[in-house]
Amino acid sequence: MAPVDPHSFTDSTHPLTTHIALTLYFHFPSSTIHATALLTLQTPHTGQLSLDTRSLTIHKILDPETLTPLPFTLSSSEHSINGRHLTVSLNNHSSILILYSTSPSSSALQWLSPPQTFKKIHPFVYTQCQSVHARSVFPCQDTPAARVCYSAKLNVPRELSAVMSARHCDRRDPVGSDLDRVLTKEATGFGFDLKSLWCEEGRVVEEFVMDQPIPPYLFAFAVGELGFREVGPRTRVYSEAVDGVLDAAAREFAGTEEMIRQAERLFGEYDWERFDLLVLPPSFPYGGMENPRMVFLTPTVIKGDASGAQVVAHELAHSWTGNLITNKNNEHFWLNEGFTTYAERRIVEVVKGEDIAALNVGIGWRGLNEEMERFKDNMEFTKLKNNQEGVDPDDIYSQVPYEKGFQFLWRIERQIGRPAFDEFLKKYIATFKFKSIDTETFLDFLKANVPGIEKEIDLQQWTEGTGIPPDAHEPVSNLYTKIVSLANDFKLGRMPREDEVADWKGQEWELYLENLPKAVEASQVLALDARYRLSESKDYEVKVAFLQLAISSRCRDYYGEVEKTLKEVGRMKYLRPLYSGLVHGAGKDEEKILAKRVFAEARECYHPIAQGVVEAIFAKHV
């Protein structure tokens, strides 16, 4: 094999897939999808073709022209990170038809029973394919190096609807011709007649097309009882059909079109036509996921003051950096996230002002320094370009590619000036549009377009060195300096006065809390909360930062609030520090018992990716 990605069985000597046509039958009672995938290759191929799968049952693989079976093998055991290696034997084939079923244990899919949804009437299912989980929804070359177009027909119960990271074409009754290539149960190996199921009463087909090539991790769908509100000429906000959620989301994201316009001024035309938003149930494991045309969001970004729109700014920025230009594999993840964090802050600066952008940078700076402590025993993962052979990308997900990547680009901007850097960015985007690249490709482009830059900035130290380079930069603004100064005063026993914090919103409090000592006296925690009610904040960034302080200070008065928080949200940004705080360190027997009990009770409400992250924390510390 000549691998292109440490997290994929894809072989660089094999042709890449250019298009996938999917038919997906959703069977909610068994939490499975019965499906067909027609893969089209860039050139005809003779010999073995390697594909990635995880938790899939492969019923049959056919020549789509003759419907004759093609020989295939599936590795006998499942690799803990990469899944199972599917090998198909081809003889001058340019396409293959795979008949398969997903498993209830699919790592990309979360199936929610009615009680786990907002309305508690209908079930719900959604995907989270980044980083390496598309292979648990359909067999594919699951690497960002293999960009594909796709079409999909989703057969769902009539009372539900579907959205995808693709253009919606039709909602119609199912017809037998949808499955022309799928004959009887004997021909398919499903063990039942899929055609009969497909055309059952009470079902509907939703059709989608994505005709721009995307990496497989951007494949996404959600199926449930969905509603929407129009918030701009290119934007609807979707969620479960609950008026309160939809109205709150519409208010929070009312400024989306202005952000798109500002982003276009900075980075060029928006290439994806629609920029719709889907607010998912609380179990969604990330703040947002930049699926093209349909960004997925956690409900924790609905804060009531429009500040949650900054997460939308980040996902919008991905429309250029990440979605148009993509890291070749996860070892170069900073190319996605460092560029996008830089772009997000440029958008925020224009829309919200320089002070708010500086707060963003300050919160990121604090987070970057905390990651240095987290990885002090494995500094490999403080590099921008790092070695992930044998490493689960979910386990090492951190702020490093975001914040160190941002700092690197900010350093280049300071060196050559913003006007020149803006021109460089536009040229970079235009040059590598719809391509997947690595760090070396970026550095070669940088040196060719900014002659002599390598004499001014140590590019190797920035990309391959550990830690934070000496020419990284803490932000400078009056508001940032004031907040950090007040946090330093707390160490001397002085709490901020009410007039000093009267104008503070979530970000100001978040920065303040993150600059406090990691542990203080329990009495100080209680006094701070008595005055400012931070444990009751509706902003989870503030609430969780405060609860982290309470845990590290052994202030057990707040353990009930910690338990409540861990049971009501599944966002890993909150789960990771709260569970880690409970179980990390000596003399934590009571806290470890609490953490294990809470996880046992909350586990089924977390997405499989989040379940794995918490289990990894326990494996290390419990």
Side-chain angles (χ1 to χ4, degrees), residues 282-283 285 300 303 363 366-367 369-371 373-374 376 486-496 498 501 504 506 508-606 610-611 613-622:
S283 60
T300 63
K303 301 180 182 185
I363 292 167
R366 175 56 49 195
N369 280 274
E370 287 174 358
E371 298 292 22
E373 174 66 21
R374 174 184 164 195
K376 64 184 178 185
L486 286 171
N488 289 331
D489 286 349
F490 189 87
K491 299 168 191 174
L492 306 174
R494 185 176 95 76
M495 231 187 300
E498 292 191 16
V501 302
W504 284 15
E508 288 87 342
W509 276 113
E510 183 186 355
L511 183 65
Y512 176 78
L513 289 165
E514 290 191 356
N515 278 278
L516 294 181
K518 286 300 155 219
V520 297
E521 294 296 323
S523 59
Q524 291 178 284
V525 176
L526 288 162
L528 183 63
D529 195 45
R531 182 175 292 186
Y532 293 114
R533 300 291 180 198
L534 301 177
S535 67
E536 300 168 17
S537 175
K538 297 289 186 283
D539 186 331
Y540 278 91
E541 304 289 342
V542 176
K543 184 178 194 172
V544 170
F546 176 79
L547 292 176
Q548 282 179 259
L549 180 67
I551 292 169
S552 61
S553 304
R554 303 285 181 94
C555 190
R556 293 183 171 87
D557 302 62
Y558 293 100
Y559 285 7
E561 194 60 44
V562 171
E563 176 174 347
K564 179 170 172 278
T565 302
L566 289 170
K567 287 181 173 178
E568 67 190 9
V569 295
R571 186 176 176 185
M572 292 190 295
K573 183 177 184 180
Y574 307 142
L575 302 186
R576 187 181 274 112
L578 292 180
Y579 277 115
S580 295
L582 287 173
V583 302
H584 182 52
K588 291 279 193 83
D589 291 346
E590 179 187 333
E591 286 84 355
K592 287 179 181 180
I593 291 168
L594 171 66
K596 286 195 284 187
R597 177 180 61 78
V598 171
F599 181 57
E601 294 170 6
R603 186 181 188 282
E604 289 309 307
C605 292
Y606 296 158
Q611 292 174 7
V613 164
V614 178
E615 285 162 356
I617 292 168
F618 285 1
K620 187 174 181 182
H621 298 296
V622 177

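Numbering starts at 1 and runs along the sequence shown.
Contact annotation: the side chain of Arg374 approaches that of Arg576 to within less than 4.5 Å [non-hydrogen atoms, C-beta and beyond]. Residues Trp509 and Val501 are in side-chain contact: their nearest non-hydrogen atoms beyond the backbone lie under 4.5 Å apart. Counting heavy atoms from C-beta on, the side chains of Phe490 and Leu486 never come closer than 4.5 Å. Using a 4.5 Å heavy-atom threshold, the side chains of Asp529 and Asp557 count as separate. Within the 4.5 Å cutoff, the side chain of Lys518 has heavy atoms near those of the Glu370 side chain. Within the 4.5 Å cutoff, no side-chain heavy atoms of Ile617 are placed close to those of Leu582. A 4.5 Å side-chain heavy-atom check between Glu514 and Gln548 finds every atom pair outside the cut-off. In this structure the side chain of Ile363 never reaches within 4.5 angstrom of the side chain of Arg366, judged on heavy atoms.
Remark: His621 NE2 is packed, more than 12 non-hydrogen atoms of other residues, nucleotides or ligands lying under 6.0 Å away. More than 12 heavy atoms of other residues, nucleotides or ligands lie within 6.0 Å of NZ in Lys491, so this atom counts as buried by the packing criterion.
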Is there a side-chain contact (heavy atoms from CB on, under 4.5 Å) between Leu549 and Leu516 once you walk through the steps?
CA-CA 8 Å; Leu549 180 67; Leu516 294 181; 3.9 Å; yes

Report the C-alpha separation of Val614 and Val598 in whole Å, then their side-chain angles, then the decisive distance to 0.1 Å, and conclude whether the side-chain contact (heavy atoms from CB on, under 4.5 Å) test is met.
CA-CA 11 Å; Val614 178; Val598 171; over 6 Å; no

Apply salt bridge (charged side-chain N to carboxylate O under 4.0 Å, His left out) to residues Arg554 and Glu590 and explain how you reach the verdict.
CA-CA 11 Å; Arg554 303 285 181 94; Glu590 179 187 333; over 6 Å; no

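Of all non-hydrogen atoms in Val520 and Gln524, the two that sit nearest each other are CB-OE1, 3.3 Å. The minimum heavy-atom distance linking Gly570 with Ala610 is given by the pair O-CB, 4.0 Å. Met495 and Leu528 get closest at one heavy-atom pair: SD-CA, 3.5 Å. Counting all heavy atoms, side chain and backbone alike, Gln611 lies closest to Glu604 at NE2-CA, 4.3 Å. Listed here is the closest heavy atom pair of Ala519 and Ser552: CB-O, 3.4 Å.
When atom types are taken as modelled, the side chain of Asn515 and the backbone of Ala487 share no donor-acceptor pair closer than 3.5 angstrom. Using modelled atom types, one side-chain atom of Lys588 and one backbone atom of Gly581 make a donor-acceptor pair closer than 3.5 Å. At distances below 3.5 Å, not a single donor-acceptor pair connects side-chain atoms of Lys596 with backbone N or O atoms of Phe618. Checked by atom type and distance alone, the side chain of Ser553 never pairs as donor or acceptor with a backbone atom of Cys555 at under 3.5 Å.
For the atom pair CZ (Arg597) and CG (Leu566), the distance works out to 10.5 Å, reported to the nearest 0.5 Å. Atoms CZ and CD, from Arg603 and Glu601 in turn, are 14.0 Å apart once rounded to the nearest 0.5 Å. Separating the OG atom in Ser537 from the CG atom in Leu547 is a distance of 10.0 Å, to the nearest 0.5 Å.
For the pair Arg556 and Glu591, the salt-bridge criterion is met [side-chain N within less than 4.0 Å of a carboxylate O].
Looking at Lys543, Glu568, Glu541 one by one, the single match for side-chain hydrogen bond (donor to acceptor under 3.5 Å, both in side chains) with Tyr574 turns out to be Glu541. Among Tyr540, Tyr532, Tyr558, the single residue meeting the ring-ring contact (aromatic ring centres under 6.0 Å, His included) criterion with Phe546 is Tyr558.
Ring geometry, Tyr579 versus Phe599: the interplanar angle exceeds 60°, so the pair is classed perpendicular (tilted spans 30 to 60°).
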